[in-house]
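Some notes on the structure that comes next.
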Amino acid sequence: MLECIQSASFGDSGRLDDEGFGGDPSVNLLEKLAAELTGKERAILLPSGTMGNHVSLLTHCSPGDLVLVDTTQHLYRKEKAAFDSRFGQLEPLFYHLTEDGYPDTAEIERLLEQKKPKLLCIENTHNHAGGTYIPFSVLDELRKLADKAGIPIHLDGARLFNAAIASGIEVSTICGFTDTVMFCISKGIGAPVGSLLCGTKEFIAEAAVTRKLLGGSMRQAGVFAAMGHYALTHHIADIAADHRRARLALDNLKDLQCARVPDKIQSNILCIDISGSGLTAEQYVRALKEKGVWLSESDETHVRMVLYRDITDAQVMEAVKIIKEFDRRMKQPESAGLQNHAG
Ligand SMILES: *Cc1c(COP(=O)(O)O)cnc(C)c1O
């Protein structure tokens, strides 16, 4: 990946020609590959997934517009600026996920009949739901509902390739159900920086203007675009191993006493319910970090383990050992207390 930068050419990717391409050949190569993979006409490079989602929402919508988002969706819960009264001024119209972690189409249908949202946002795989993918039949249903209402669909595909591998649905097929898609190359794909927003030629030309307004136009971005291109041409298939390692962790954490793992997981995220531990998610994460295992908070009662290409089977098993040991020690004071009480 480092070697490919040495032979890459750079330029000003913010200055677009009549065809809508910028002046950085390495960025153009990456954008063409992203468009090809997603089956869209064009793609545009952005420094982060957050900016990619924001450029998309602010290009699709105007201040005051209603936008369908699920209550736990990253672009609402974590990013927010598109809905902030100081910034995007969009209005969320909430739908929920089913127990299986994908959009509740019956609820969306009802909301579309009652209100007039301008955009439907979905997330695939779904971060907060524990890396769940949206099944083909649900993607198809969502497309039909959006078409009936005459509104576009934006896909937050930060983990688009995880969704494709977990579901067995081609990336371009998933994206074929949506008008625009943002995906990250800086997560499981393993590039250092960057996200791509893909859509029609007209949409991406407008998105380039929004990107400029948000400060996302970049000079010499080829430095990291070249690495992103390398990652996208070499790393996609490896994502299956991340899913296997997440299952390895799951299979070995089934007998925790003070925390609970789900019966099944679909991709690279293992969401652990720690409500039985007596600790907040923040405390749990901090305690394990001190022991060398980096988890992250999902909400007050759940922590996440996210697998990616730098983590080996041996490291998964080492983490499992540390978590189990921590779990056992937490269990002890309680049983000691019971004994005292009884004695
Ligand atoms: C990480 C993430 C983003 C945002 O990407 P950044 O590059 O961190 O800004 C958006 N959506 C989802 C689902 C994510 O997991």
Side-chain angles (χ1 to χ4, degrees), residues 30 34 38 43-58 60 67-84 87-88 90 92 95 97 101-103 119-134 153-167 171 174-175 178 180-198 207 210-211 214-216 218 221 224-225 227-228 231-232 239 242-243 246 265-271 294-299 302-309:
L30 173 61
T38 55
I44 189 171
L45 176 66
L46 296 127
S48 71
T50 300
M51 195 185 280
N53 280 332
H54 277 75
V55 165
S56 182
L57 266 63
L58 300 179
H60 278 298
V67 177
L68 269 165
V69 290
D70 86 70
T71 49
T72 60
Q73 200 163 343
H74 192 283
L75 65 83
Y76 178 78
R77 250 178 113 231
K78 292 276 171 71
E79 302 173 18
K80 283 205 169 71
F83 301 93
D84 191 300
F87 301 107
L90 304 180
Y95 66 88
L97 299 182
Y102 50 77
L119 177 68
L120 167 59
C121 294
I122 57 176
E123 187 174 312
N124 197 16
T125 60
H126 200 290
N127 181 4
H128 190 261
T132 48
Y133 67 79
I134 307 179
I153 300 179
H154 171 69
L155 167 60
D156 176 349
R159 296 186 182 80
L160 174 64
F161 297 92
N162 297 85
I165 286 175
S167 66
V171 167
I174 296 173
C175 300
T178 75
T180 53
V181 53
M182 182 286 291
F183 70 85
C184 294
I185 51 175
S186 58
K187 294 189 172 177
I189 293 295
V193 184
S195 291
L196 288 122
L197 174 64
C198 315
T210 316
R211 178 181 70 170
L214 296 185
M218 294 173 282
F224 65 85
M227 290 194 269
L232 272 179
I239 281 178
D242 299 336
H243 296 188
I265 49 172
Q266 295 181 344
S267 60
N268 67 325
I269 300 177
L270 173 58
C271 198
W294 288 23
L295 303 171
S296 62
E297 292 171 56
S298 191
D299 58 28
H302 293 82
V303 300
R304 291 185 323 160
M305 180 189 283
V306 182
L307 279 295
Y308 57 94
R309 58 184 297 107

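Atoms within each ligand, like the ligands themselves, are counted from 1 in listed order.
- Between Pro47 and Val193 the shortest heavy-atom distance is O-CG1, 3.6 Å.
- Between Phe224 and Gly194, the shortest heavy-atom contact is CE1-CA, 4.2 Å.
- Shown here are the side chain to side chain donor-acceptor pair (under 3.5 Å) partners of Thr210, two or more places apart in sequence or in another chain: Thr59.
- At least one donor-acceptor pair closer than 3.5 Å links the side chain of Arg211 to the backbone N or O of Leu45.
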Pairs under 3.5 Å, N/O atoms on ligand 1 and on the protein: can you put them in a table with the distances?
residue  : atom   : partner : partner atom : Å
ligand 1 : 7 (O)  : Gly49   : N            : 2.8
ligand 1 : 9 (O)  : Gly49   : N            : 3.3
ligand 1 : 9 (O)  : Thr50   : N            : 2.8
ligand 1 : 9 (O)  : Thr50   : OG1          : 2.6
ligand 1 : 11 (N) : His74   : ND1          : 3.4
ligand 1 : 11 (N) : Asp156  : OD1          : 3.1
ligand 1 : 11 (N) : Asp156  : OD2          : 2.6
ligand 1 : 15 (O) : Arg159  : NH1          : 2.8
ligand 1 : 15 (O) : Lys187  : NZ           : 2.7

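- In this structure, Arg77 and Asp299 have side chains that are in contact, with non-hydrogen atoms separated by less than 4.5 Å.
- In summary, the side chains of His126 and Thr132 do not present any donor paired with an acceptor at a separation below 3.5 Å, with no hydrogens or angles considered.
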